[in-house]
Undergrad: 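My structure is below; once you've seen it, I'll send some questions.
Throughout, a chain's letter reflects where its sequence line sits, starting with A, and its residues are numbered from 1.
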2 protein chains.
Amino acid sequence: MSDSALSVIQEIRRPTLHEEVVDRIREMISEGELPVGTRVPEKELCAKFGISRTPLREALKVCANDGVITLLPNRGAWITQLTPEDVDELFPIMGSLEALSGELACCNATDADVAEVKALHYEMAMHYARGDQPSYNRVNQMIHQKIMEIAANPTLLQVYRSLAERIRRVRYLANASTNRWDAAMKEHEAILAALEARDGALLAHLLKSHLLNKREAVKKVIREDDRSSL
Amino acid sequence: MSDSALSVIQEIRRPTLHEEVVDRIREMISEGELPVGTRVPEKELCAKFGISRTPLREALKVCANDGVITLLPNRGAWITQLTPEDVDELFPIMGSLEALSGELACCNATDADVAEVKALHYEMAMHYARGDQPSYNRVNQMIHQKIMEIAANPTLLQVYRSLAERIRRVRYLANASTNRWDAAMKEHEAILAALEARDGALLAHLLKSHLLNKREAVKKVIREDDRSSL
DNA sequence: GCGTTGCATTTTGAATGCAAAATGATACTA
DNA sequence: TAGTATCATTTTGCATTCAAAATGCAACGC
């Protein structure tokens, strides 16, 4: 294979074992199957996946690099527990990245794109009206992700996804209070309007504020309920 | 050890083999010792580091996750070659992150912090006056990093560093043309002024534009010289 | 009774081994 | 000669093994 071809080729590739394990571990963490703050014995996970230690350990190193797992040399792998400082630090970063996605999305969005976001918005509003928070959260996430996709910056999406994974478990603590939920819904109406108007600067600002407001709400919940597992 | 203590402890830890290897590989790539677009035979690197394949392979997976290395299953590790698209995508992200760092830095900066940035700025101006581009670039990087540090968001710094690694080799192609170098220097004067005035919004805007301007300059160089190794 | 020390067990870090896939070279066919 | 098929060699993916570090427990001293 010529070297210069490397940047172009995009061949079919069956994922390797360790990649599948990385995905599976991330999944298990966000599903709560691997509780935050606990230790993960290698042997146990090997048995569960039916693989040897080598690919599992490779996956653990990758997860550790992403921050979802903390590796203590000679003392095993621990599911990373977000500190209040982590939350403080992560939300502004997410806000900046989403702001950028908003800007770019306004440049790129086709009418079909906007229509799709609008449809998702109404779907979310439906769940809101019914008080179905899990469904609301799911569609909410889809909206943010959709805007990211419209932005058409795969690298941005990748960075965003990796960070989103880390705060996924706390992100929707925010709407625990009805007040915050109402406010979030209103913010989303403004977000949709800005996208429809293709007002990139405004959309960027709204998304950024949206995330910062979420941070405050989450911190409040955490403060109130010190036992909430981050 | 109690689980809840985990988030607090900050013990001494000797880096493990694979971590050292990750650092070393990153270093070798940015030094050009591992040329972009080429293949890295495991055996060769093992010999060079005097280690077995296991920790080396762990390091490769981590680097691949960061994007500096591309892993083709059964076909080895390749030093990732940035495409023009990657450049297009990375600079706006860097710009957003730097903008955030500017905002935060303006909130936090002590007079001593500002004095330090100012000192670095003059040091950079000196190298500019002498036409010493390598030194200029080095100090330039220190200024951006210093602002990041003043922002006091370790997570942001970590994300930033990981992305900076990827574009490090092209970042300073920008100043290849004297025109761009002059402009960059002027932009840096405005950046310093905004920091001194603690004008977060302005500093954010300046840093963001600074990065976008860099992108255009870099792309121009790349277009002109198609053989430049990305 | 409480804390410390020493030792067996468990768990992790890294090296080695083995099978599968890819690579490269040669021979063969049209 | 161009193209394909075959096979030895190399390289990779994963499993296994071995050594070092950590853990847990019991014996011991105070």
Undergrad: Taking salt bridge (Lys or Arg N to Asp or Glu O under 4.0 Å) as the definition, give me every residue that meets it alongside B/Glu149, ordered by chain and number, with sequence neighbours left out.
TA: none
Undergrad: Give the rounded distance in Å between these two atoms: CH2 of A/Trp78 and P of C/dT12.
TA: 10 Å
Undergrad: If a pair satisfies side-chain hydrogen bond (donor to acceptor under 3.5 Å, both in side chains) and one of its residues is in residues 99-108 of chain B, list it, with sequence neighbours excluded.
TA: A/Lys208-B/Glu103
Undergrad: Hey, is A/Lys61 close enough to A/Glu58 for a salt bridge, meaning N to O under 4.0 Å?
TA: no
Undergrad: Where do N or O atoms of nucleotides 12-17 of chain D meet protein N or O atoms at under 3.5 Å, pair by pair?
TA:
| residue | atom | partner | partner atom | Å |
| --- | --- | --- | --- | --- |
| D/dT12 | O3' | B/Asn74 | N | 3.3 |
| D/dG13 | OP1 | B/Asn74 | N | 3.2 |
| D/dG13 | OP2 | B/Arg57 | NH1 | 2.4 |
| D/dG13 | OP2 | B/Arg57 | NH2 | 3.0 |
| D/dG13 | N7 | B/Arg53 | NH2 | 3.0 |
| D/dG13 | O6 | B/Arg53 | NH1 | 3.2 |
| D/dC14 | OP1 | A/Leu17 | N | 3.0 |
| D/dA15 | OP2 | A/Ser52 | N | 2.8 |
| D/dA15 | OP2 | A/Ser52 | OG | 2.4 |
| D/dA15 | O5' | A/Ser52 | OG | 3.2 |
| D/dA15 | N7 | A/Thr54 | OG1 | 2.9 |
| D/dT16 | O4 | A/Thr54 | OG1 | 3.3 |

Undergrad: Judged by atom type as modelled, is there a donor-acceptor pair below 3.5 Å linking the side chain of A/Thr155 to the main-chain atoms of B/Glu89?
TA: no
Undergrad: Mind running side chain to side chain contact (heavy atoms under 4.5 Å, CB included) on A/Asn140 and A/His188 for me, showing each step along the way?
TA: CA-CA 9 Å; A/Asn140 184 322; A/His188 261 275; 3.6 Å; yes
